[in-house]
Amino acid sequence: MNPQSTAECRKLHDHIAAGTETAQTATVAGRIMLRRVQGKLAFATLQDAAGRIQLFAPAKVTPDYEGFCALSLGDWVRVSGLIMKTRTGELSVKVQEWEQLAQARRAFPDKWHGLADPDTRFRQRYVDLWVTDKARATFQMRSEMMSLTRRWLEDRDFMEVETPVFHPVPGGALAEPFSTHHNALGIDLFLRIAPELYLKRLVVGGFERVFEIARVFRNEGISTRHNPEFTMLELYWAYADYGDIMELVEELVAHLARLLQGTTHLSYQGRELDLTPPWPRRSFSELLAAHSGLDVNLRTPLDELRAHCTDRDISVQNHWGPGKLLLELYEKTTEPELWGPVFVCDYPKEVSPLAKDHSENPGWVERFEAIVAGRELANAFSELTDPDEQKARFEHQAAQKDVGDTEAMSVDRDYLRALEFGLPPTGGLGVGMDRLAMLLADVPNIRDVILFPTLRPESL
RNA sequence: GCCCCUCUAGCUCAACUGGCAGAGCAACGGACUCUUAAUCCGCAGGUUCUGGGUUCGAAUCCCAGGGGGGGUACCA
C-alpha cells in the first residue's frame with residue numbers, strides 16, 4: 001500500500017486538539033531522523049519528501065517495541081496507526097504497525113549540524129539531500145522552475161524539441177568543445193556547446209516556435225558560476241526580433257519569480273534585485289563609454305584600442321579586430337559594474353557570428369545580453385538569416401581558428417545549405433538555467449543548483 | 001593554468017609558543033510513559049589526507065604529492 005505523505009497528514013489533521021486522537025489510521029513512510037526513547041514510550045521523527053511528522057510509540061501498542069527502539073537514525077520505515085496529537089500538541093502517528101524498509105548501515109551525519117564539508121555534500125548528494133533542508137528545497141524549486149518554464153512557453157505555442165548532443169561540427173557558440181569518437185562510423189564527434197544551429201534548422205523546416213532545454217558541454221574552467229555541463233534554454237521564434245525576445249525574457253523571469261518567490265522584488269546574496277518588467281535597455285556603446293570613460297568605437301585605430309586594452313591588463317592577441325577589442329574592454333571595465341537587470345544591446349559584429357546586422361549601425365548586430373545580479377543570464381539576437389553573409393562570417397571564424405583561436409567556429413556547410421532554403425526573420429534566445437536557478441534560490445554557487453556537479457573523481 | 005586558504009573519530013569541532021590527541025552528537029550497554037537536538041549513567045572509537053624532512057619531541061614547523069574551497073584567467 002502506498003503511504004500518505006506527511007504533508008497530507010498535516011493538512012488533514014493539523015487542526016485537532018492537543019491530547020486527542022482521531023479515528024483515522026494513516027500509513028506514512030520515510031527515514032527516521034530523530035529518536036527519543038524513554039522507557040515504555042518512544043518518539044521518533046519521520047521525514048519523507050514532503051516534510052516531517054512525529055511517530056508516537058507506546059510499548060503497549062507498538063509491536064516489537066524493542067526492535068522499533070533499536071532503529072537507527074537514517075533507517076527507512078513504514079508505519080501505520082491512528083493520527084493523534086500529543087499532550088504538548090505535536091501531530092503524531094501512533095505506531096500500531098511498522099516495518100523496516102531499508103537500513104542505514106553507515107553512520108548518520110551530525111543530527112544538528114548536518115553536513116558542512118562542501119566536498120562531502122557534492123560527492124554524496126544522497127546524504128546531503130536528506131540532511132540539508134536548504135539543498136532539498138533548492139532542487140525542488142529548480143524542478144518547479146523547469147516545469148513552469150515549459151508550461152509558460154507551451155502556453156505561447158512554443159514546441160519543445162530534442163536535437164543531437166553529438167555534433168559533427170561544433171557550433172552555435174564560441175567555446176571549446178569536448179570531443180569523442182564513434183567506433184562504427186569511424187568519426188570524431190563533439191558534444192554540443194549549444195543547440196542553436198539545429199534549432200534554427202527546425203525553423204527552416206517550418207516549426208515556427210521551438211525551444212529546447214539542452215544540456216550543453218564546454219571544455220572550460222570550473223568556478224562558482226561554471227560547470228562543464230550545464231543547462232541552457234534556447235528558443236527560436238519566427239517573425240520576431242531581439243526586441244520581442246527582450247519582452248519575452250523579462251516576462252518569463254518575472255513570472256518565475258512571482259510563482260517561486262511570490263514577488264519580483266528579490267534579494268540576491270543580501271543585495272536587492274528588482275525583476276519587475278520592463279527592464280532598462282542600454283546600448284553596449286553607451287555603457288562602455290560611461291563605465292570605461294573611453295571615447296572609442298569601431299573606427300578607433302587598432303593601435304589605440306590595443307593600448308587601452310594593455311593599460312587594463314588585457315593580453316591582446318594579434319588577430320583581434322576592433323570589435324573583439326571593444327568587447328574585451330567592455331568585459332573588463334563595464335560588465336563587472338553592472339548589477340541589473342539590464343539588457344545590454346547591440347554588440348560588435350565581429351564577436352557575434354550568428355547575429356543579424358543592425359538595421360542602423362554598420363559593424364554592429366542586433367544582439368543583447370541580459371545582465372541580472374551581475375551575471376550574464378541570457379544572450380539573444382535577431383538571427384542572421386542571409387546564407388551569403390553567414391558563409392562569410394563562418395569563413396572569418398575559420399580563419400581565426402587557423403591562427404589559434406580554439407573557441408572560434410567552424411564552417412557548418414549543412415547549416416549554410418539549410419539557410420539557402422530560407423530562414424524567415426527569427427529571434428533567438430539562450431538562457432543559463434542554472435544561473436537562473438541560483439538567482440531564484442538565492443545561492444552563491446552553481447554547485448548548489450546542480451545535483452551532481454563535475455568533480456575530480458574520488459579514489460575509494 | 002596561476003595565487004591564497006584548508007584537511008584532526010562516522011558527523012560538527014577543540015588541542016596555547018612544537019610538549020600525554022579531546023568534547024558534543026552518532027554508535028554500543030544501561031535507566032526512564034508526553035519527548036522535540038529528550039535527559040541521565042557507562043563504554044568504545046584515531047595512518048591527525050599521504051610521503052619525506054627538521055627536532056629530544058610534530059596535528060602544529062619545512063618540502064613534495066593528493067582532495068576540497070575561494071579568487072583569478074576563459075566562458076553561460
Side-chain angles (χ1 to χ4, degrees), chain A residues 18-19 32-45 52-62 65 69-70 72-74 84-92 94 104-124 127-128 131-132 172-177 193-194 214 216-234 313-315 317 327-328 331-332 335-336 351 369-372 375-380 405-407 429-436 438 444-447 453 455-460:
Chain A
I32 302 287
M33 298 299 285
L34 296 168
R35 205 192 41 194
R36 299 173 288 280
V37 178
Q38 26 182 64
K40 300 279 182 284
L41 175 63
F43 301 88
T45 302
R52 292 180 167 198
I53 199 162
Q54 178 168 265
L55 304 178
F56 180 86
K60 266 189 262 175
V61 172
T62 301
Y65 177 75
C69 293
S72 286
L73 298 191
M84 51 159 296
K85 232 176 207 182
T86 60
R87 281 177 220 158
T88 49
E90 183 79 30
L91 189 70
S92 309
K94 195 190 263 189
R105 285 169 37 175
R106 287 178 180 261
F108 190 86
D110 189 284
K111 66 185 176 189
W112 185 242
H113 298 98
L115 282 180
D117 181 10
D119 184 28
T120 314
R121 290 192 49 221
F122 301 145
R123 288 190 194 278
Q124 300 178 37
V127 179
D128 183 40
V131 301
T132 314
L174 301 171
E176 193 163 342
I193 53 176
V216 298
F217 309 86
R218 298 188 183 177
N219 207 339
E220 288 157 358
I222 294 179
S223 79
T224 50
R225 291 169 295 279
H226 302 268
N227 196 62
E229 52 178 307
F230 63 101
T231 303
M232 197 148 75
L233 164 68
E234 282 209 9
D313 297 324
I314 298 165
S315 60
Q317 295 182 31
L327 181 68
E328 290 289 326
E331 285 178 352
K332 192 74 175 189
E335 206 178 65
V351 294
E369 286 191 356
I371 304 292
V372 182
R375 296 191 190 117
E376 242 172 89
L377 182 71
N379 183 22
D405 185 349
T406 54
E407 291 177 356
L429 167 70
V431 179
M433 295 305 271
D434 311 272
R435 289 185 179 178
L436 186 53
M438 288 167 71
N445 195 320
I446 198 166
R447 290 173 169 189
L455 298 171
R456 202 178 292 276
E458 191 180 11
S459 56
L460 284 174

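Within every chain, numbering begins at 1; the chains are lettered A, B, ... in the order of the sequence lines, protein sequences first and strands thereafter.
Among the heavy atoms of the strands, none lies under 4.0 Å from A/Arg375. Within 4.0 Å (heavy atoms only), A/Glu90 reaches at least one base atom of the nucleic acid. Among the atoms of the strands shown, base atoms are found under 4.0 Å from some heavy atom of A/Arg87. At the heavy-atom level, A/Glu335 lies nowhere under 4.0 Å from the strands shown. If you check every strand for non-hydrogen atoms under 4.0 Å, A/Gln54 touches a base. When heavy atoms are screened at a 4.0 angstrom cut-off, A/Val37 is found touching base atoms of the nucleic acid. Using a 4.0 Å heavy-atom criterion, one finds that A/Asn219 contacts no nucleic acid atom at all. If you check every strand for non-hydrogen atoms under 4.0 Å, A/Gly430 touches nothing. A/Ala116 comes within contact range of the sugar-phosphate backbone alone, with a heavy-atom separation under 4.0 Å but no base atom that close. Here A/Gly39 lies in heavy-atom contact (under 4.0 Å) with a base. Counting any heavy atom pair closer than 4.0 Å across all strands shown, A/Phe56 reaches a base atom.
Per the geometry, CD1 belonging to A/Ile32 stands 16 Å off C1' belonging to B/A27, to the nearest Å. Atom P of nucleotide B/U72 and atom CD of A/Glu220 are separated by 17 Å, given to the nearest angstrom. Nucleotide B/U39 holds its C1' atom 12 Å from the CZ atom of A/Arg36, rounded to whole Å. At whole-Å resolution of the value, CE in A/Met84 and P in B/U35 are 12 Å apart. Regarding A/Leu41, its CG atom lies at a distance of 14 Å from the C1' atom of B/U39, rounded to whole Å. Taking atom CG of A/Asp313 as the reference point, atom P of B/C74 lies 11 Å away to the nearest angstrom. The separation between A/Gln124 atom CD and B/G10 atom P is 13 Å, rounded to whole Å. A/Lys85 places its NZ atom 16 Å from the P atom of B/U35, with the value rounded to the nearest Å.
Rounded to the nearest Å, the gap between the P atom of B/G66 and that of B/G51 is 15 Å. When the C1' atom is used for both B/G18 and B/C5, the distance is 22 Å, rounded to whole Å. B/G71 sits 29 Å from B/C11 when the C1' atoms are compared, rounded to a whole Å. For B/G29 and B/G70, the C1' atoms lie 45 Å apart once the distance is rounded to whole Å. With both ends at atom C1', the span from B/G10 to B/U48 equals 16 Å, rounded to whole Å. With both ends at atom P, the span from B/G68 to B/A73 equals 22 Å, rounded to whole Å. B/A9 and B/U72: their P atoms are spaced 32 Å apart (whole Å). Between B/A59 and B/U54, the distance separating the two P atoms is 16 Å to the nearest Å.
The phosphate of B/U35 (OP1 or OP2) has no side-chain N or O of A/Arg35 nearer than 4.0 angstrom. Checking the phosphate oxygens (OP1, OP2) of B/G71, a side-chain nitrogen or oxygen of A/Thr224 falls inside 4.0 Å. Side-chain nitrogen and oxygen atoms of A/Lys111 include none within less than 4.0 Å of the OP1 or OP2 phosphate oxygen of B/U36. A/Asn445 has a side-chain polar atom (N or O) that falls below the 4.0 Å cut-off from OP1 or OP2 of B/G70. Listed pair A/Arg52 / B/A37 fails the phosphate criterion, with no side-chain N or O lying under 4.0 Å from OP1 or OP2.
Contact detail for A/Lys94 and A/Pro58: the closest heavy-atom pair is CG-CD, 4.3 Å. When all heavy atoms are compared, the tightest approach of A/Ala18 to A/Arg87 is CB-O, 3.7 Å. Here the closest non-hydrogen pair linking A/Glu234 and A/Gly430 is CG-CA, 4.0 Å. In terms of heavy-atom proximity, A/Ile193 sits nearest to A/Ala173 at CD1-O, 3.3 Å. Across all their heavy atoms, A/Arg36 and A/Leu34 have their closest contact at NH1-CB, 3.9 Å. Between A/Tyr65 and A/Leu41, the shortest heavy-atom contact is OH-N, 3.1 Å.
In this entry B/U8 has no Watson-Crick or G-U wobble partner, no candidate having both defining distances under 3.5 Å. With both pairing distances under 3.5 Å, B/U17 is matched to nothing as a Watson-Crick or G-U wobble pair. With a cut-off of 3.5 Å on both Watson-Crick or G-U wobble distances, the partner of B/G1 is given as B/U72. Across all strands shown, B/U35 remains unpaired; no Watson-Crick or G-U wobble contact has both distances below 3.5 Å. Across the strands present, B/G65 finds its partner in B/C49; the criterion is a Watson-Crick or G-U wobble pair with both atom distances under 3.5 angstrom.
For a distance-only test at 3.5 Å, the side chain of A/Thr45 fails to qualify as a donor-acceptor partner of the base of B/U36. No donor-acceptor contact under 3.5 Å links the side chain of A/Ser223 to the base of B/U72. The base of B/G24 sits within donor-acceptor range of the side chain of A/Asp110, with an N or O pair under 3.5 Å.
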### Task
Might you work through the side chain to side chain contact (heavy atoms under 4.5 Å, CB included) test for A/Thr224 and A/Asn445, ending with a clear yes or no?
CA-CA 5 Å; A/Thr224 50; A/Asn445 195 320; 3.8 Å; yes
### Task
Verify side chain to side chain contact (heavy atoms under 4.5 Å, CB included) between A/Leu115 and A/Val127, making sure each step is shown before the conclusion.
CA-CA 8 Å; A/Leu115 282 180; A/Val127 179; 3.8 Å; yes
### Task
Run the numbers on A/Ile446 and A/Arg225 for side chain to side chain contact (heavy atoms under 4.5 Å, CB included), then give the verdict.
CA-CA 5 Å; A/Ile446 198 166; A/Arg225 291 169 295 279; 5.6 Å; no
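Relative to the side chain of A/Leu73, the nucleotides B/U12, B/U33, B/A26 differ in distance, and B/A26 lies closest. Relative to the side chain of A/Asp117, the nucleotides B/U12, B/C34, B/A26 differ in distance, and B/U12 lies closest.
You cannot call A/Phe108 stacked on the base of B/A26; the centres under 5.5 Å and planes under 30° rule is not satisfied.
Remark on RNA chain B: of its neighbouring residues A/Glu369 and A/Leu115, the 5'-side contact belongs to A/Leu115, judged by nearest-heavy-atom nucleotide.
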